[in-house]
Amino acid sequence: MTLDILERDMKLAWKAGQLFQKGVLANMIDAVKKASMTSKGRVEINEQLVNETLMKYQKTVQEQYDTCPGSSDDPKRDAELKQRKLDYLHELNLVKEYAPQLVTDPEEIKSMIKTIAEADPKMALSKVNRGYVMKTLSAQLRGKADMSVVNKVVTEMLV
């Protein structure tokens, strides 16, 4: 995903009168621009930065949705909570359209690990070599696969 695509889609949503979608896209763009600012100055906004930021943004919205109470004893408050939870769900679905989805299937991850291991002669899948294996896999699979699942698969493969 690129920043240009996000900005283009935000303009299209604004012109079409889709204010909710425009607002969510504006929030995603803002998150990307904030992520490009570091203590050492501004870094280039490339596709990797956009994807990493969108994954973090998706995780944040998912946490908001998961932790939002669904009901209340007060009828007015109950209606507000249900609407807020619904808004979080719509935002989450929209973010998922733009954020890269991580591979979570253990069999697919096992296949990816085997491919990487075949290409790297130093990467022997053994308990003694676990640190090097995880360092190599982290560098090559970050942003592509769920690292917690990768860790579990590596643990099973090294037993």
Side-chain angles (χ1 to χ4, degrees), residues 1-72 77-117 119-120 133-157:
M1 181 59 50
T2 64
L3 186 61
D4 292 338
I5 293 172
L6 290 173
E7 289 174 337
R8 181 200 67 206
D9 288 357
M10 183 185 74
K11 289 175 186 174
L12 290 173
W14 180 68
K15 288 179 182 177
Q18 299 169 330
L19 298 181
F20 183 82
Q21 184 173 353
K22 183 241 174 222
V24 172
L25 287 164
N27 290 340
M28 289 191 286
I29 291 167
D30 187 51
V32 170
K33 288 181 178 179
K34 284 181 181 175
S36 73
M37 294 180 230
T38 66
S39 59
K40 297 177 183 174
R42 194 175 196 108
V43 295
E44 178 187 348
I45 298 177
N46 57 23
E47 193 168 340
Q48 181 181 358
L49 177 69
V50 173
N51 287 336
E52 289 173 2
T53 304
L54 291 180
M55 285 189 295
K56 288 177 186 176
Y57 189 85
Q58 179 180 340
K59 186 176 180 182
T60 301
V61 175
Q62 181 70 53
E63 289 172 358
Q64 289 173 328
Y65 175 76
D66 292 342
T67 59
C68 181
S71 61
S72 173
R77 176 88 171 123
D78 188 52
E80 290 173 2
L81 288 174
K82 286 181 180 178
Q83 183 59 47
R84 182 176 298 153
K85 189 140 183 138
L86 188 61
D87 288 345
Y88 286 145
L89 181 61
H90 289 314
E91 184 173 4
L92 183 60
N93 290 334
L94 185 60
V95 173
K96 283 182 179 180
E97 290 179 26
Y98 291 93
Q101 299 304 308
L102 300 177
V103 175
T104 57
D105 178 35
E107 291 303 316
E108 192 172 343
I109 290 174
K110 189 180 285 188
S111 172
M112 294 166 82
I113 291 170
K114 287 178 181 176
T115 303
I116 293 169
D120 186 351
V133 168
M134 286 306 296
K135 181 179 177 183
T136 304
L137 292 176
S138 177
Q140 294 192 18
L141 297 179
R142 185 165 310 283
K144 297 176 187 168
D146 185 342
M147 292 310 291
S148 64
V149 178
V150 170
N151 189 30
K152 288 176 188 174
V153 170
V154 167
T155 301
E156 290 172 4
M157 291 175 81

Extract all donor-acceptor atom pairs below 3.5 Å that involve side chains of residues 30-37 and protein atoms in other chains or at least two apart in sequence.
{"from": "D30", "atom 1": "OD2", "to": "K34", "atom 2": "NZ", "distance (Å)": "3.3"}
{"from": "S36", "atom 1": "OG", "to": "K33", "atom 2": "O", "distance (Å)": "2.7"}

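- Counting only residues at least two apart or in different chains, side chain to side chain donor-acceptor pair (under 3.5 Å) contacts with residues 9-23 comprise D9-Y98.
- The two residues S72 and D78 make their nearest non-hydrogen contact at N-OD1, 3.0 Å.
- Q101 and K96 make their closest contact through NE2-O, 3.3 Å (heavy atoms, listed as atom of the first residue, atom of the second, distance).
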Using the rule given for side-chain contact (heavy atoms from CB on, under 4.5 Å), can you reason through T115 versus M112, listing the C-alpha separation, both sets of side-chain angles and the distance that settles it, and then say yes or no?
CA-CA 5 Å; T115 303; M112 294 166 82; 5.7 Å; no

Candidate pair L81 and R84, rule side-chain contact (heavy atoms from CB on, under 4.5 Å), full reasoning:
CA-CA 5 Å; L81 288 174; R84 182 176 298 153; 4.2 Å; yes

Kindly determine whether V149 and L102 satisfy side-chain contact (heavy atoms from CB on, under 4.5 Å), including the steps that lead there.
CA-CA 10 Å; V149 178; L102 300 177; over 6 Å; no

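- To the nearest 0.5 Å, the span separating CD1 on I29 from CG on D4 amounts to 10.0 Å.
- Here the straight-line distance linking atom CG of L92 with atom NZ of K85 works out to 11.0 Å at 0.5 Å rounding.
- Here the closest non-hydrogen pair linking T2 and E47 is CG2-OE1, 4.4 Å.
- To the nearest 0.5 Å, atom CD of residue Q62 and atom CE of residue M55 are 15.0 Å apart.
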Could you go through V50 and I45, starting from their C-alpha distance and side-chain angles, then the distance that decides it, and tell me whether this counts as side-chain contact (heavy atoms from CB on, under 4.5 Å)?
CA-CA 7 Å; V50 173; I45 298 177; 3.8 Å; yes

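- Between the CG atom of N151 and the CG atom of L137 there is a distance of 10.0 Å, given to the nearest 0.5 Å.
- Proximity of M28 to M10: side-chain heavy atoms (C-beta onward) are nowhere separated by under 4.5 Å.
- Residue pairs meeting the side chain to side chain donor-acceptor pair (under 3.5 Å) criterion with at least one partner in residues 139-149, sequence neighbours excluded, are S138-R142, D146-S148.
- When side chains are defined from C-beta on, E91 does not count as touching D87, because their heavy atoms never get closer than 4.5 Å.
- We find the NZ-CG distance between K82 and L86 to be 11.0 Å, quoted to the nearest 0.5 Å.
- Atom CG of residue N93 and atom CD of residue Q58 lie 10.0 Å apart, to the nearest 0.5 angstrom.
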